[in-house]
Structure formats: C-alpha cells, structure tokens
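Chain letters run A, B, ... following the sequence lines, proteins first and then strands; every chain starts at 1. Keep in mind the model is a prediction, meaning the values are calculated, not measured.
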Amino acid sequence: MDSPVIATPLSAVKIDTDGFTALELGHISKINLRGDFDSPAVVGALTTLLGMQTDLAPNTFVSNGAATLFWLGPDERLVYTDRDPDAIISQWRNHTGTGAVDVSDYSTVLRLSGQKVRDVIASGAPFDMHPDNFSAGQCVQTRFGNASILLSNHADTPVFQLQVRWSFAEYVFNYIERVVKYV
Amino acid sequence: MAGPSCRQSRYIDDFMKAYSLFSLARNAMSYHRNWQRAWRSPDPKSKYDVVIIGGGGHGLATAYYLATQCGINNVAVIEKGWLGGGNTGRNTTIVRSNYLLDASAGMYEHAMKLWEGLSQELNYNVMFSQRGLLHLAHSVHDMQEIGRRGNAIHLNGIDSEFLTPEQVKEMLPIINLNCRYPVMGGLLQKRGGTARHDAVAWGYARGADAAGVDIIQNCEVRGVRVESNTVVGVETSRGFIGAGKVGSVAAGHSSVIAEMAGFKMPLECYPLQALVSEPIKPIIDCVVMSNGIHVYVSQSDKGELVVGSGSDAYNSYSQRGSFDLIEHTVGPLCELFPLFSRLRMLRQWAGIVDVTVDRSPILSKTPVKNLYFNCGWGTGGFKATPGSGHAFAHSIAAGEMNEIAAPFSIDRFNSGALIDEGAAAAVAH
Amino acid sequence: MSQSQRLSQGGMIDRSKPISFAFDGRQYTGYQGDTLASALLANGVRLMGRSFKYHRPRGAIAAGSEEPNALVQLETGAYTEPNTRATCIELYDGLVAKSQNRWPSLEFDIGAVNSLVARFLPAGFYYKTFMWPASMWMTYEKFIRKAAGLGVSPVEDDPDVYHGTYAHCDVLVIGGGPAGISAATAAAGSGARVMLLDEGSEYGGALLGTSDNAAAKSYIDSALGALGQSENVRLLSRTTATGYYDYNYITALEKVTDHLGPGNGGDAPRQRFWKIRAKQVVIAAGSIERPLIFADNDRPGMMLANAVGVYINRYGVLPGNDVVVFTNNDSAYQVALDASAAGATVTVVDTRRNVSADLKSKLEQNNIRLFEGHAISSVQGGKGVESVRIMELSADGESLQGQAWEIVCTCVATSGGWTPSCHMFSQSGGKLKYEESIAGFIPDSSRAKNSCPNVSAGSCNGVFTTQECIAQGVEAGISAAGAAGRSGSVPSVDTFAVNEIPQGAIAPLWLVPTVHPVGEGKAKHFHDFQNDVTAADIHLAAREGFVSVEHLKRYTTTGMATDQGKTSNLNALAIMANIQGVSIPEVGTTTFRPPYTPLTLGAVGGQESRELFIQERKTPMHEHHVASGAVFEDVGDWKRPWYLPKEGEDMHAAVQRETLAVRESVGMLDASTLGKIDIQGKDAVKLLEMVYTNNWQKLAIGSCRYGLMLNEHGMIFDDGVTTRLGENHYHMTTTTGGAARVMNWLEEWLQTEWPEWEVYCTSVTEQWAVLAINGPKARDLLRDLTDIDVSKDAFPFMTMREGTVADVPARVYRISFTGELSYEINVPARYGKHLIEALTEAGKKYDLVPYGTETMHVLRAEKGFIIVGQDTDGTVTPHDMDMDWIVSKTKEEYLGNRAQARVDTRREKRPQLIGLLTEDPTVVLPEGAHIVAEVLDKPPMPTIGHVTSSYMSPNAGRSIALALLQDGINRKGETVSLSMMDGTVHKAKVTDTVFVDKEGVRVRG
Amino acid sequence: MFIINCPYCGDRDQTEFSCHGEAHIPRPTNTATMTDEEWGDYVFFRSNPKGYHRERWLHDHGCRRWFNALRHTVTDEFVATYKVQDPRPQIPGDGDQS
Ligand SMILES: Cc1cc2nc3c(=O)[nH]c(=O)nc-3n(C[C@H](O)[C@H](O)[C@H](O)COP(=O)(O)OP(=O)(O)OC[C@H]3O[C@@H](n4cnc5c(N)ncnc54)[C@H](O)[C@@H]3O)c2cc1C
Ligand SMILES: NC(=O)c1ccc[n+]([C@@H]2O[C@H](COP(=O)([O-])OP(=O)(O)OC[C@H]3O[C@@H](n4cnc5c(N)ncnc54)[C@H](O)[C@@H]3O)[C@@H](O)[C@H]2O)c1
Ligand SMILES: Cc1cc2nc3c(=O)[nH]c(=O)nc-3n(C[C@H](O)[C@H](O)[C@H](O)COP(=O)(O)O)c2cc1C
Ligand SMILES: [Zn+2]
C-alpha cells in the first residue's frame, strides 16, 4: 500500500487577493498541556522538554524555532512542535504527573497576512485587534462568527495565525472568503 | 367549575355603555364627547375580599372572573405601573393550544375555548384571529417531535394537522424550504393565531371594573403583611390595603413578591426580546414557528411583522436584552424568508419573563395561608390569559386549586412531577 | 413643468449632472446631490403619499430622517423596498419610485373615503366594533389587513449582499454637525482613536441648510480633511447609529451603495452593519424641529420651517412661491429671510406678541409682513395648501378671536420649537430632564448609566447656536478622549458662525386653538402624521382613561409609526399634560427603543444567513461519502450520511439492504461525530463515579464500559462508552448532539464544585476520525489491515487495543451499537480519508457495505438499544428505560442519585420503555403514534404511551417498535391499541425491547 | 451587550461568555438524609433577586474557565468578577459579606 496521505481540512483552498492572503499551514503537531504552571515539576518539564520559558503572561505566546507555546488558560498551554508529540506527551506525564493530550488534528491553522487582515477578522470577531491592544506576541481565544478561534499575532505587518477546530474550518474559511471582498 | 361563557356579559347592563357599531355612530354624532372611562380610577379601600397583585392580562382576568363568575366583587387589582405594561403589553401575541402533555393541553385548550368567545363576552374586540399556527420541522428529530405532539394533541380532542413540505409551501409561498436544515414537514393548528395584546388587558379591565372591581394603577406592592402565617393584606405605595385573600399575578416580579412574603420560588427572570418590522401589506397569513432555526413570526393587523426573539440566559429585571439575540433572530428570519431581507426593523424591546425549570407555570397555594401565586408563565403565557384567569379565580374562590390548575402546583418541584413540556418537546412559546 | 421650483442659483447640487427619474410613472429631472424629495419639490410635486388610516394626501414635511409622510415604494422587482423616506433617498440616474397606500392612484385614492367617515373611526374604534356576529371577525379582519400596511414587501429573494463588522474606538462621535465635527477633531487631537458617524451623505448637519453654506462647506471640508489624515480616525458618512446598548455598544448602519442605484454597487455590499464598542461616546445628534399643531396642518406644502430652509439653501429649491412662516419662536425668522431672498413672498405669523425689535426690523428690510399674536385658523386646499386663514389669538392663547385674514400660499413653514435628539442618550439608559427655557427634554448627564459613559454636545444638548455647539463639541471631545485615557495636546479647534437665528424666547403653544372645539369641526389637528393621530384622539384617550403616556401611545398609536414620533411625541404628551393639568415631565416620555431609524433586516442578519448561517460540520471522510452517493442527515450541526442508495433505490430499499448486509457480512459507518473527551489526572475516576450511574472503580486499563448520565433532576441526559486508557487516563464518548453539553457539565462540576480534584478534560472530538465496522466479517476485514491481534481471546468485547490499521496509528475499540461483532477504529483525523479508502478497498472481498444513520437506528432498535433524545426525552429515569442494571446499588453518591428517590420518580406506573409488535407485521407504526387506554369513536381519548422508535426490521422479518408505556414493564404480553390521526386503530403486543439475537451471542462472536 | 472582565483573560465581549445562574449553591453532601423539600430547594429554588446577584459565568470562547460575578439585575451592571475560589466581593453599600 502507498504510504498514507495526510489530509487537512483546507489544503485545497487559499485566498490571495489584494491586501490579504490566507493559507492553511498544513499539518502541525499540537499538544495540550495541563498542570500548575508555577509548580517546579511543570516548570522543569517545560524547560527540559521544550526549552521554553514558563512565565507566559495571559494572552501571549512564545516561540523558539522548534516549538511555540500559547497561553490558553491558567492551567492550560498549547504547544506546536516539530518533534514527535507522543514522546513529549509521555515524558510530560512522567515528569509532572499531570495531563497532556495530542490535539494535532483537533484543529487546523490558517496563516493570514496583508494589511486587510484586521478588518477581515473584525467582520466576525468582537475582539479589538488594534496594535495598541494586540501586538506581535499576543494571542487571544475569541469567537469568529459561530466558531471559537485562537488568533495569534506573529508580526505587526500584520501576520496572524488563526487556529480553528477541524469541523469549523470550512465555515471559517467560507466566512473569510465572503467578507474579504467587502473590507 | 363554571364553563367558558360566550354570552354577552350581563354586567354591562347599560346598553348605551356597551360598545357596538351603533354606539360608535351615536357617539360620533356628539363628537365622541360622551364616551365614558373604560375603567374607573378609584382610591383604594381599606380592605378587600381579594387583592390581586399585578394588572397584567392574567391578574385582570382573574379579577374579572372572580367578580363575574365567583360572586366575589369586593376585589382590587393593584398595579405598580400602567395596566398591561408588563409582558401582556409586550408579547408577540401568539395563541395556540397544541401542547403535548395532558396538564398543559388542559390549561391551554381551556383558554382557547374562552378566547373563542372573548370579544363577545367582554364586549371588547380583542381581535382574536384564528389564522392558523404552523410549526415547522427541520430534522428527523423535529419530525419525531411533531409526530408525537400532533398525535397527543389530536387525542386530547384538539385540532392538529400534519403538513408535507409541499403543503407548507402552498400555505406560505414565500418560504425557503431549502434553508439550512430543510423543512421536512409541519404541524398546523388552524384554531391557533393571534390576539391584540393590549385589547386583552383593556377588555378585561373594563369588564372587571363594570363588575365592581377596583383597578388601582400606579400603586406598587412593597410588602405582604402576614400574621400567624396568614396573609392579611399588602403594603403599597399608597398605604396598607387589607385583604382576605391575596393572589399574586405579578409575572416578572413574582420572586420579589415571594420574598416579601418570606419564601423563595423556583423561578428565574430573564429578558425576552421581540421586534417588529415596518408595516407592509399582507404577506404572511398565519403564525410561523420554527424551533429548528429559531424563527417565530406573524403579521399584525396593522401590517408589521411581529418577530419573537430569544431570552438572554442571565437574570435581569431591566427590560432590555443583548443585541446578539436580535442578530440571531433576524439571521434565521432572513434564512427562512430570504425576501424579508430588504424590509426593515422598526422597533425592538424586551420583557421580563419568569421561568420555571420545567417551563410550565405555577398556579398554587403557598406556604402562607390565603396567599396564592399565579406565575412562571415565562415565554408563553399570553395564550393562556383567559384560561389562567378563569382557573385561578375559581381556585382562589374555593381556596383549593381546581382541576385545571392543580397539576401546576408548586409541590411538583419537590415531588418531581414536573410538567416538562420543554424537555419533552423543546418547543418554546 | 420642468423643475419649476428650482432656484436659478445656489444650493449644493451639481447642476452639471442632471438626473432623470420616475415617480408614479412620470419622468422628471433633478440634479446630482438632490434627494428624491428635493427633486420632486423642484418639479413642483408636493403630493407624495397618503396617510395610513384616512388616506389623506401628504407631502414631505421634513428634509431628513424624521420624515413621517413622504414614504415611497422604491424600485421594483427584487430590488423593491417599501416605506422609504423620499427625504433620505439620494437621487441617482434611473431611479423609479411609486407612492404607497393608495388605489388606484395617488391623485385619486378610493381609500380616502375613510377621511369622510373619519368621524366614525376615532382612536381605538376597532376595539368597539366588528364583534358581531363573532364568526364575521375573520372576514372583517381580512379587509382591515388589506387596508392597513403601507408599502409592499418584495416577493423575490434579495439580490443584494450585506456586510457586518465589529469596530472599536476610544471615542465614538454620533452626528457630524458642527458639534460632532469639533468633538471628533478635539478627540483625535488628543490622540484618541475616533469614529465619526453621520447619517447624511455629507458632513455638516444643520450647517448645510444655511444660506452661507458655501462658507460652511469649506470650514467643514478643512476640518474633515484634517481628520481624514489621521490614521486613528474612521469617518463614516451615510451611517446611522441605530442602537445604543449596554457598555457602550453601538450599532450603526452604513448605506454603502444605495445611492448608486440597484445593481450598481459592483462588488461592494449594499449596506454594512457596524457593531462598535467605544470607550466613550460623544452624542452630537442635533435636534429636530416640531410642527405647530393647528387645523388641517397636514396639507401638502406644510413643512417644518427648517426643512424649507434646507430645500432653499442646500438643494436650490423653493418649496412655494408664497410662503407663510408660522412660528412660536425666533429660529423660523431665518427661514423667512432665506425664502424672501430666494424670491418668495413671505408672511410671518407669530403666536407671540413680543417679537424683538431686531427681528421686526429684519423683516421690514425685506418687505416681509408680520402678524404678531396670530395663528392659523384654517387651511384651504386638499392635495396642496392654497391659502390659510389667520386670526388673532386671545391673550391666554386658548382661543381665536377677531376677523380672519386669508393669505394665499403654497407653502407653510411651521416651527413649534426644537426637540433635542435624545434618542441615543435615552437608549443608553440615561434619564432626561425637562428644560423649561427651551421647552424640551435634554439629557441629564448626571443620570447617565455608569456602564455607558457618554457626553452630549450641541443642539441635542439644548444649545442652539453654532458657536455654542462647536464649543460644547470641543469640550466633549477633549473630556471623552481624556476619559478614554488619551490626553495629548489638543490643537485649537476653529470656530465658525453662520446666518442663523437661535430659537430664543419660545412661547410654547402646544395646540393652536380653532373656532370649533378640538375634534368637533371638520378640521383635524395632526400631531402624528403617518398614523393619522390627532389632538382629538388624545382628548378621547384622556376621556376614556388612557391617560398614562404609555396607554396614550398604545390606544391612539401615536409615535408608533415608522418615524417613531420624532416630530410628534413631545407635542402629544404636552397636549395630554394640558388636558390633565399637569406638567410635561409629569406625563413623562415613552421609552426610546432601537433602532433610531428603521434598520434593514438583511444588514442585521444577512451576513450570517445562507451559507454562513450555521456551520455545516463535516467529518474528514465527508468527500468519500459524497462520492459514494450518500444522502445526508443533519445531526446537530453535523452532516452525517443518512443512507447510501444504489441506483434506483429509495430510502426504504437502501436501508433494508444496508441493515441486512450488516448482519450478514459487514457494514461500515462513519462515527467520527461522536463527542470525545480525554480525561486525565489522579482524580479522574472520582469524576466518572460522580457523573455516571454505574461503578468505575474496577475498570481495567484497556477496557470499556457503557455509562448513563443523569442531571440533578434524575433524568437521563446523555450516554456513551468510556475507556480506561491508562492509570489515570480515560477516553469518554458522548452523543453527537450532546458533546458540548457534556463537556460543560464535567467542567462546571470540576471547576465550581470540586476545584481541588486533579482532573483535566480536553475535547478531542475532531482529533479522531472513527469508522465503525460491524458484522460477522468485521474481524476478518480488520485482520487484513492491522497489526493488532484480533483473535477473540486477545481482543475481547468491551476492550480497546492500540496498533496500526492500514499502516496508520489507531485505537480500536471493540464496542458495539448494533449488537454485531464490531470494532470502532479511531485514527488521527488526518488519516480519516486514508482509512475509509483503505477499508473500502480491503472490504470488497467481504462485501463491505457502507451504511448511514438510518440503518444504524434500525440495527440498534433491533437490539433495543436506546437513543438518548429519541427514546428518552428529558423526563425519563434509568428505571423508566428498564435499565436498572446500570444503576449502582453500592455507590454512595452520583449526580442525579437523590432525585431518584423522590415521590414522583419512585411512583409506580410511570411510562416505561417496552417493545411493540403490531398484529399486522407489515405495519410500521408512525413514530409519535399514541397508545390509548381505550378506543373511542373520536377524541378525546386518554393516552397511556407513545411510540419512540419504529422501523421495518429486515432481520426480525417484520416491523418493530419501541414505546414508552405507562407501567409498561408489567404489561409485557398484553395487547394495546394505537389510534392514528386518520381514525385507524392498530393493535400491538407489548414485548421486551430486544428483537434480534436476544441472547447477545453475535456481539461476543 | 456587556463587557465582561474574565478574571483570567481580561475584558471581553459578552458573546464570548455564557451565564449559568446563581453562584454559591454548594451541592449538599448529605443527600441521602435530605427530604424531598430540601432536595427540591437545592435543585430548583433560586433567590432571583431584583438587585445584586452573584452568578456563574463561563468564558466559552476564551479560556473556558468558570468564574463568578456580582451584577445588578436592574442596571445589568457588573460590580465585580472573581475566581471561584476567591472571597466574595462586597455588595456596594453593604457591610455584610454574604
Ligand atoms: C417578548 C415577549 C414575547 C412573548 N410572546 C408570547 C407569545 O407569543 N405567546 C404567548 O402566549 N406568550 C408570550 N409571551 C409571554 C406572555 O407575555 C406572558 O406570559 C403573559 O403576558 C404574562 O401575563 P401576566 O398577566 O401574568 O403578566 P404581566 O402582563 O407581566 O403582568 C404582571 C403585572 O404585575 C405588575 N407588578 C409586578 N410587581 C408588582 C408589584 N410589586 N406591585 C404591583 N404590581 C406589580 C407588573 O407591573 C405587571 O403589569 C411573551 C413575552 C415576551 C416578553
Ligand atoms: N436656530 C435654532 O434655534 C437652532 C436650533 C437647533 C439647531 N440649530 C443649529 O443646528 C446646528 C446644531 O449643530 P449640531 O452639531 O448639534 O447638530 P446638527 O443638527 O448640525 O448635526 C447633527 C447631525 O447628526 C446626524 N445624526 C443624528 N442622529 C444620528 C444618528 N443616530 N446616527 C448618525 N447620525 C445622526 C444628523 O444627520 C446631523 O447631520 C447648529 O448649527 C445650530 O446652530 C439651530
Ligand atoms: C404585537 C406588537 C406589535 C407592536 N407594533 C408596534 C408598532 O407598530 N410600532 C411601534 O412603534 N411599536 C410596536 N410595538 C412595540 C411597542 O411600541 C413597545 O415597544 C412594546 O410594547 C414594549 O414597550 P416599551 O418599548 O415601552 O418597553 C408592538 C408591540 C407588540 C407586542
Ligand atoms: Zn477567560
């Protein structure tokens, strides 16, 4: 048998218009990490497993090339990683005794860029994305239309990433495609 | 228990006072100078046999039937604002009796029968319009639901018909059957429809007043006086008013009244919103309700589309709600009737609805003797107005909830015998 | 008659751009910059519509959105739009409009007979008549309905698109007149993020209607030019703030392409709906003039004084060559001067006797006659005013006296004073105060709602000179910016003055007396023009006891028309105050509600309808199902294959085939939509013990167990299989529709009740693509594709194994919802498509049949497995479901436990789940059919149960059904009757709920 | 349309949240010995005050944390939001801590 094809929900589509592009980033390994992020065990695990600083402020993320760590909640972080998630997950559990789950396929990630990005997303999201309120390095879990999204600002040019559940991806994409004409 | 009465009220004995084409014409000759007050504006007496708290449709109907059918004329209705200014004056006027459970069917069909002769009974045109009420089904689950309800209603002796999508289209040519969640069928109650909400309050007020009831507006009940666990009267913004019995029919404020009397109620108050469009020539000729995509719409005699929205899920006494509900009402409306998209919304508003866990009302005795509660009608009590008032009046008079009211006792929240129309059918209004 | 009323010069229209348009089938010409109303007036057309009730001829009385009369049906076909205010329609080439509410024509309207019998149609007449005979109401109603309504709805789908968006700013300025512009300038100068909205096509507000508007325009342009430079400023013209909600949430409608005409907007949306969150709001919405209420004050040609000024100065149109200005205050004198300058013969009739010398001399200089202490007593002319008679007012203003003078005129400009536009402030929850000096309500800024910080500035705040408006605007802009945390250096904002005369000393005269007592002559005194409400109606309402302002409104319908009483409300309540002998604030106002002007439904809901209405959630295998010809069912938001018909098959045939195939060979179902929750942490089992009714302590790692969840009322609300993956690690599944509810249920308990427990729940629904394979050949098929030992002993029923399937990592659960030998293969979603393709290929040799939800329902019903939500309905307990076996007798506590012991829940003869076998095995009972206690000739018939599930079962070789029947468990073996809607009766035997493989051999095979 | 201050994420739009009724109703631990009345009271009866109300909110579209709020049911204005384990903020103008 041929080696299995990896499918993602939006691999076949993209938007590339004046002032706006949207492109799915393809498969990304993602891990949901849980625990007390002040505890020495968790701090230790983060540094040894991911090489990450741990004092992540709410609504921010950090990246170190191999991994990106997002704040999701007081006891919850999300990691995008290049490495084998299974290995990290089992080591995390061993190190910390707390939860870690592979959520690689739960959601997909769109990269959005161009000067229209904020206006496009504002068509469905009630969050204020003005640079004063949302600058590079910040992320926010909010709503886009009916979908929950994780939006992160990677550059003020702007380059945003939008993470959305697999089954809502098409809806979000259609939404963006519709409104991009109007902003 | 006296049955619904359709004869012209004998209490309006003075023929000249009665409303008719003739009286209208006569009064026109005298430039309408001689019309009398629709109801008096008396000062409160020091004591009544029965005090009704709340001058909404249910309270006024209760007083009306107490005076006209139960022989208790020494009655006051105490209203903190203006008559009918609560939910009676702000509802989407849908009347139907196609309920699933026996207890509900009993109550709402009782009301329906009274509606059918109400204008004549009250000598006041409440514009009860049996234009038909159509529930749409948008999924297999909805079909199962209307299947069950349609049969239950039918076997309760109440009219109901199933419609195919084609028949739905025939009734409502402007509908988009292929909306998100396509229309798979419908349940029609031809006797369902609408009534003019304000007229219901005013008609009952006029009738009650003619039968001797004192209607006291701008008078707020601020305390319930209880002596040896028996109610003896109410403290109001116009002083103490003594009462042999007190019926609280205060809809959105029932918890507040209960607190005055020292107990809690299984109620929470939410804002429920509605909106109307600008008036247009007739375009839909029945009431349409879709739980699948959340649309409730009818057209008033004046021409506006009257559109029910949802209730906000937070407790509130503010008579305003949040705007996203309006969006989530108008979106579905345009989905089901895409041609409405160019029409315009004229006004939106909200009421305070008191909701029980099982979404069924409470007509009940309370921990305090001679204090009775009629409340919890939530998002759907307008249609019950005559039935509720009638059953409550007879129950107050007898000191025991009558057959129609009895299942709605507050005890059910302890015994577990809920009347869970919502859980059973997930149907609103 | 081409633009006979167009002035030869002046105005802000572009005379180089003539525009042709049609009204009621006649062609006219106007100019770019006109509104439909100004262009009609330019063409000498005064009659533009008919009123709601009496069908009285009406013309425009205003020049803005407060217009009650001039409503037209704009455009035709799919683009048609009823009730559109001619005063707000920007003229475009080819515009087509029709008058409304008249038949056969505007000039000759049969409905006007209502006017003749008006005497019989006072306020609320319909409550008093049409009652007999009772059966006739529906017929009367039909006529009433036809007569009511205004324009007509389109009957085709809207071809336009709408855009909605959120926006945020530090300072939102509502209204772009002098106050608003200066507020925005000051706020932006302070460094604030500013939005400036105005509903007009151009900024400037009242300045545009002044005679020196050219100078004003350059002032405005320079201010706007500067604002436009700033990155932090968003300017939105043609944008109406429609609603002001809690926490400074303001909605606004932008008309993006309406002014271009239908279909001319290109890719742009027709309208855009803004949802704005502002830290601070400056309300600079201006004020609205009130008409004076006098006899027959509704004849076409009667206008608000300022509207006359606007038509002259902004549009270069003289609404009438002979103008009577009728006023009780100073501001209309400017209109008299402007009309005179435009060439009209002008007469001023002032109800006051103390007109200032200054004004008098201004009139004298311009040869304008002045009648002091006079009032209009009657009006001549039906479809347009031809002349007015005036008489002297008595000293107390209560009556008219002396001789009547007739003044020929085609235009009456009236001013009863100015009403500050407090709509936005009131909607925000702020309270108004009555200001005697201006005879109007203004915002009481000390009673604004805390959560809605705003400041009113300009004439909406009761100041009536441009300079004062600008000064207030600047102050408001600075303070709002400061309150929003911006206080940079504010550039000095230029001030500006125009030719205007402030309202000055107003002498309120709420109802101009007539020779006959109000309501007794032929004349009518309108305050609410659109709804035809007159002073006499207010008197009648008062007489009948409808004295509360809210009763007054509802009884007479005053203020309930599409203009929501912008020009009429204050007059109405002042008249009521007079009747009652109380002050105006004692009468009070009605509630200001959104929207400020009628709001296009498509703009509010249009974006999230149609394809963006509710997401269609699809599984990773969706495309494959489409290719297989699946017919889909909506389950929650999900699209699931319902059945997969082969060529020529209907649903029944397909389902029968699929159902048989599963029990004969092997079937395959996409089960990806089931909710999945990953549960970890050392207290995980404690959670399971609490949320499920059965025991979880002893579940071995790698084993699965079915569980029921109850709410605290003791009723079943979800079910599913949970598997122990590791020491403190579980994988829970839920129903498709219940996934979010269950997740919230777990989290709510964990976070609020047991926060000290260490349990982490993560939704992994979409992480896994799931294929269920069921049937005697399922094992063979699986064996071909996996490295897991699938032998009976190595992989028993109710266990889970990890390995690879079709070369991808998988968790395989040996659980079954069909009673067959079954496996649920879970692979990461990215391999879902691969998995179904691989299985389809490998399944060929086993006659693998893909099946859908309908077949699944039949299969599970054959085994008596319940579907929560179908066989249960939120009112049933485990006992009612005959599922006592799943309720732990040993556990101390679980959610819903205590409720089981209540009187009613313990009651005997509750409805219980049983099976039904119809006497005639070919009869498939309709789901929802009821079991009756006794068959009677006709309803009512007492019922004792109903059918919850019903199918033709090919495996049982007959129809089968599940039902909830009172005391059902004890009735097994009995025969019951079911009465159908059409009167037929079916008999059926009460059985247990398992119809196929009662011993449960197959599932363990 | 409220702005709600999530104790974890900060000020956010109301549409990111859902409200879940009265707060501080601990689940009884003696369920076995409770009367039907006591149980009914716990499950169904609410204070539903016209005034200050302590209630539970969930930041659905955000951090998915439950938290409590003190809000006035007539003005609909929030006085405070606080974490489940935090002490109850005081009702304005009320010395009492309940
Ligand atoms: C937007 C909306 C749409 C609705 N749509 C429908 C529908 O289509 N069909 C339907 O059947 N039902 C509908 N309903 C529900 C229906 O309106 C109510 O159930 C019904 O009107 C309740 O009538 P009532 O007389 O009990 O209450 P109300 O009319 O609310 O009367 C209660 C009265 O008590 C007074 N009161 C309160 N406290 C005191 C006090 N302390 N002292 C003195 N007086 C006091 C109030 O001022 C009020 O006037 C809707 C409700 C709303 C808000
Ligand atoms: N002569 C007098 O007595 C008298 C009386 C009143 C006003 N005025 C003059 O009128 C001007 C008042 O200036 P101002 O700035 O206060 O008001 P304005 O009337 O000049 O401007 C208000 C603007 O707000 C807009 N608007 C109103 N409601 C809106 C909404 N909901 N959404 C969007 N836009 C909305 C209007 O279209 C208008 O352009 C001054 O020049 C003043 O002298 C004179
Ligand atoms: C059935 C129905 C029809 C209505 N029609 C209109 C209408 O044509 N015009 C209008 O302005 N308001 C209309 N309203 C709304 C009322 O003006 C008002 O908003 C409502 O009674 C609530 O009162 P409130 O806004 O004063 O709180 C209607 C209300 C109902 C219940
Ligand atoms: Zn949060």
Side-chain angles (χ1 to χ4, degrees), chain B residues 19 21 24-25 28 31-32 35 37-39 41 82 85 119-120 124-125 129 139-140 144 147-148 151-152 154-157 174 180-181 198-199 278-283 301-303 323 326-327 330-331 333-335 338-349 415-417 420 423-424, chain C residues 81-83 119-120 122 126-131 134 141 144-145 148-154 157-158 245 519-520 540 543-545 548 550-551 554 562 593-594 598-602 604-606 608-609 613-614 634 873-875 902-905 926-930 939-941 943 946 981:
Chain B
Y19 291 158
L21 200 59
L24 192 66
Y31 304 106
H32 302 289
W35 289 110
R37 288 185 69 105
W39 56 84
S41 180
W82 43 285
S119 294
Q120 290 72 32
Y124 205 89
N125 191 349
S129 170
S139 65
V140 175
Q144 287 161 343
R148 178 179 174 197
N151 278 293
H154 166 75
L155 290 169
N156 266 321
I174 60 171
R180 174 84 173 94
Y181 309 128
D198 294 325
E278 293 182 324
I280 44 165
K281 294 291 176 198
I283 181 99
D301 283 347
K302 232 177 100 213
F323 185 75
I326 299 296
E327 286 182 90
V330 175
L333 182 71
C334 295
E335 175 72 9
L339 51 80
F340 287 167
S341 138
R342 293 183 92 78
L343 300 182
R344 285 179 290 243
M345 167 172 145
L346 173 58
R347 188 173 170 101
Q348 63 166 103
W349 66 91
S415 70
D420 209 336
Chain C
E81 196 192 31
N83 309 337
R119 201 183 228 206
F120 303 100
Y126 29 81
Y127 300 126
K128 295 176 177 150
T129 72
F130 301 129
M131 283 176 280
E141 191 192 30
I144 293 176
R145 288 168 76 81
L150 288 167
V152 299
S153 161
D157 291 359
D158 189 347
Y245 304 87
E520 302 198 0
L540 174 63
R543 208 169 288 141
E544 295 194 274
S548 136
E550 298 288 357
H551 279 156
R554 286 159 178 83
T562 65
R593 295 275 192 188
L599 174 55
T600 313
L601 293 172
V604 180
E608 291 194 5
S609 65
F613 178 43
I614 291 175
D634 289 304
D873 68 2
T875 67
R902 290 170 314 172
V903 178
D904 190 74
T905 327
E927 284 167 354
H930 275 58
M941 282 180 244
T943 63
H946 75 279
M981 294 268 269

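Atom CZ of C:Arg593 is separated from atom CD of B:Gln348 by 8.0 Å, given to the nearest 0.5 angstrom. The CD atom of B:Gln120 lies 8.0 Å from the CG atom of B:Asn125; values are rounded to the nearest 0.5 Å. With rounding to the nearest 0.5 Å, the separation of CG in B:Leu24 from OH in B:Tyr19 is 10.5 Å. Taken to the nearest 0.5 Å, the CG atom of B:Leu343 stands 9.0 Å off from the CD atom of C:Glu81.
Using a 4.5 Å cut-off between heavy atoms, C:Phe613 contacts chain B through its side chain alone, with no backbone atom that close. Heavy-atom distances place no part of B:Ser41 under 4.5 Å from chain C, backbone and side chain included. Contacts of C:Pro926 with chain B are absent, with no heavy-atom separation under 4.5 Å from either backbone or side chain. For C:Ile614, the parts lying under 4.5 angstrom from a heavy atom of chain B are both the backbone and the side chain. With a 4.5 angstrom heavy-atom cutoff, C:Ser153 touches chain B via backbone and side-chain atoms both. B:Asp301 touches chain C through backbone and side chain together, each having a heavy atom under 4.5 Å away.
Chosen from B:Gln144, B:Arg180, B:His32, the residue pairing most often with chain C at heavy-atom distances under 4.5 Å is B:Arg180. Note on C:Arg554, C:Glu141, C:Glu550, C:Glu520: by heavy-atom pairs under 4.5 Å with chain B, the leading option is C:Glu520. The candidate with the highest count of non-hydrogen atom pairs below 4.5 Å against chain B, out of C:Thr562, C:Val152, C:Thr905, is C:Thr562. Most heavy-atom pairs under 4.5 Å with chain C, from the set B:Gly147, B:Gly157, B:Gly416, B:Gly331: that is B:Gly416. Taking chain B as the reference chain and counting heavy-atom pairs below 4.5 Å, the highest number among C:Gly519, C:Ser548, C:Pro154 is found for C:Pro154. In terms of heavy-atom pairs under 4.5 angstrom with chain B, the leader among C:Val903, C:Leu599, C:Asp157 is C:Leu599. Most heavy-atom pairs under 4.5 Å with chain C: of the set B:Gly85, B:Ser415, B:Pro338, this distinction falls to B:Ser415. Of the listed residues C:Pro594, C:Pro122, C:Ala929, C:Gly545, the one with more heavy-atom pairs under 4.5 angstrom with chain B than any other is C:Pro594. Considering only heavy-atom pairs separated by less than 4.5 Å from chain C, the leading option among B:Ala199, B:Ser129, B:Cys334 is B:Ser129. Note on B:Ala25, B:Ser139, B:Gly303: by heavy-atom pairs under 4.5 Å with chain C, the leading option is B:Ala25. Heavy-atom pairs under 4.5 Å with chain B peak, among C:Met941, C:Arg902, C:Met981, C:Glu927, at C:Met981. Interface remark: of the candidates B:Leu333, B:Val330, B:Leu346, B:Leu346 forms the most heavy-atom pairs closer than 4.5 Å to chain C.
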*Evaluation steps, side-chain contact (heavy atoms from CB on, under 4.5 Å), between B:Met345 and B:Ile326*: CA-CA 10 Å; B:Met345 167 172 145; B:Ile326 299 296; 4.1 Å; yes
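Counting only distance, with no hydrogens or angles, the side chain of B:Asn151 and the backbone of C:His930 share no donor-acceptor pair below 3.5 Å. With C:Thr600 contributing its side chain and C:Gly602 its backbone, the two residues share no donor-acceptor pair below 3.5 Å. Without hydrogens or angle criteria, C:Asn83 side chain to B:Pro279 main chain gives a donor-acceptor distance under 3.5 Å. Proximity of a side-chain donor or acceptor of B:Lys281 to a complementary backbone N or O of C:Ala148 within less than 3.5 Å is detected.
In this structure, C:His551 and B:Trp82 have perpendicular ring planes: the angle between them is above 60°, well past the 30° mark. Taking the six-membered ring where the residue is Trp, C:Tyr245 and B:Phe323 present tilted rings, their angle falling between 30° and 60°.
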